[in-house]
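Scroll down for the structure; my scribbles are underneath it.
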Amino acid sequence: MPRPILATIHTDALAHNLARARRATPDARVWAVVKANAYGHGIERAYAGLRAADGFALLDLDEAQRVRALGWRGPVLLLEGVFEQRDLELCSRLDLWHTVHCEEQIDMLAAHKTNVGQRVFLKMNSGMNRLGFAPQRYRSAWTRLNALPQVDEISLMTHFSDADGAKGVQEQMALFATTTQDLPGERTLGNSAATLRHGAALGGSDWVRPGIAVYGSAPDYPQHSADFWDLQPTMTLAAKIIAVQTLQAGDSVGYGSSFVAPAPMRIGVVACGYADGYPRLCPTGTPVLIDGVRSRTLGRVSMDMIAVDLEPVAQAGFGSTVTLWGRGPNGATLSIDEIAASAGTLGYELMCALAARVPLEVSP
Ligand SMILES: *Cc1c(COP(=O)(O)O)cnc(C)c1O
């Protein structure tokens, strides 16, 4: 018997969330962002749920090849562009669109021998200070690109630093609009937070780039929940109870004895630990579903096991199913955002950190 732990990818939820993102900006085309192996879901597994996308955006050339190998003939965008000269050969061969965010990438294009015109997305740094040309250098970069015979079409792009927070997108939008005024070409603005929270303001965006929302996580948790945005969990992590202990008042649980029973109680030991990708930083009280009923973790998370409180679920015992995040057995759900917040992080990190040792299944 394999260890009783399983991650399930829900392709129906991926399709639902993608449609939800599309409704936020009905006039824009949608890149499904599938970087980081589709946020830990696996590109091949997620693909069935994301076919309705207008294109796939990612970082890695290997991932771009995998999307093409799945038979996808539509747009594929490299969000960071190429890293070295020879990457451009693959762009030509696989018809990949690529971001151009620095002079070095323009140099590479100028030296690229090809008769396949490249479609590039010229990125402006509108305040994130990660990638892109500063506003005062943007137009000269455009002019330089426009003069290259290798370049067929130039689209315009920026990325918001605060779409999920109080600052919002207005300032960066205004800077982008002023800088790109009169420049021809399609525009792409907006990650999940910008798309859901500022969809109406993104009117000028021909393409949006939702990632996390497609994977069922609220981009602005805890201000809003996945339920608020009508997003469904796309990944369930569940494991079984492999042991039951009966504690007396004063008995402790796990390494460091950080939880001490205030009264007699039954606890279950779940076959999931930090080596499966469950965050070790989750303290006592982190929510779990036991046979679909909400309960909590007790004590420290160890490498292969977590203790949970069986008191709210009288019938639970050896073999009961514990949902760590995602869909429970009876329609109950537990948002990955809640677990992430308990550990002081984001749903993004948990999805991406699902360990390779966890068996994965796809449910339609
Ligand atoms: C990752 C990424 C996105 C998607 O961001 P989410 O917050 O997951 O929606 C969009 N655009 C760029 C440039 C990115 O790198």
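Indexing begins at 1, ligand by ligand and atom by atom, following the structure's order. Predicted, not measured: the structure shown is a model, and the values here were computed from it.
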- prompt: For Phe56, which of Trp31, Trp72, Trp207, Trp97 qualifies under ring-ring contact (aromatic ring centres under 6.0 Å, His included)?
  reply: Trp72
Considering non-hydrogen atoms of the protein only, which is the closest contact for [atom], and what is the distance?
{"atom": "atom 9 (O) of ligand 1", "result": "Ser192 OG, 2.5 Å"}
{"atom": "atom 2 (C) of ligand 1", "result": "Lys35 NZ, 2.5 Å"}
{"atom": "atom 5 (O) of ligand 1", "result": "Asn191 CB, 3.4 Å"}
{"atom": "atom 11 (N) of ligand 1", "result": "Arg209 NE, 2.9 Å"}

query: Going by the order shown, which atoms of ligand 1 are within less than 4.0 Å of some heavy atom of His159?
result: 10 (C), 11 (N), 12 (C), 13 (C), 14 (C)
- line: The atoms of ligand 1 lying under 4.0 Å from a heavy atom of Tyr39, numbered in the order shown, are 1 (C), 4 (C), 5 (O), 6 (P), 8 (O)
- prompt: Does atom CD of Glu171 have more than 12 heavy-atom neighbours, drawn from other residues, nucleotides or ligands, at distances under 6.0 Å?
  reply: no
query: Counting only heavy atoms not in Glu349, do more than 12 fall under 6.0 Å of its CD?
result: no
- prompt: Can you find an N or O of Leu79 that's nearer than 3.5 Å to an N or O of ligand 1?
  reply: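 No, since none of the N or O atoms of Leu79 sits under 3.5 Å from an N or O of ligand 1.
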task: Kindly confirm or rule out an N or O of Val33 lying under 3.5 angstrom from an N or O of ligand 1.
output: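 No, no N or O pair falls under 3.5 Å.
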message: I'd like to check the side chain to side chain donor-acceptor pair (under 3.5 Å) partners of Arg3; sequence neighbours left out, ordered by chain and number.
response: Asp276
message: The criterion is side chain to side chain donor-acceptor pair (under 3.5 Å); which residues satisfy it with Asp291, sequence neighbours excluded?
response: Ser320
Spacing of CG belonging to Leu298 relative to CE belonging to Met265, to within rounding of 0.5 Å: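 So the gap between those two atoms works out to 5.0 Å.
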- prompt: Pick from Asn125, Leu156, Thr158: which one makes a side chain to side chain contact (heavy atoms under 4.5 Å, CB included) with Tyr138?
  reply: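 It is Leu156, the one option of Asn125, Leu156, Thr158 that forms the side chain to side chain contact (heavy atoms under 4.5 Å, CB included) with Tyr138.
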field: Heavy-atom gap Tyr348 to ligand 1 smaller than 4.0 Å
entry: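 Contact check Tyr348 vs ligand 1: positive.
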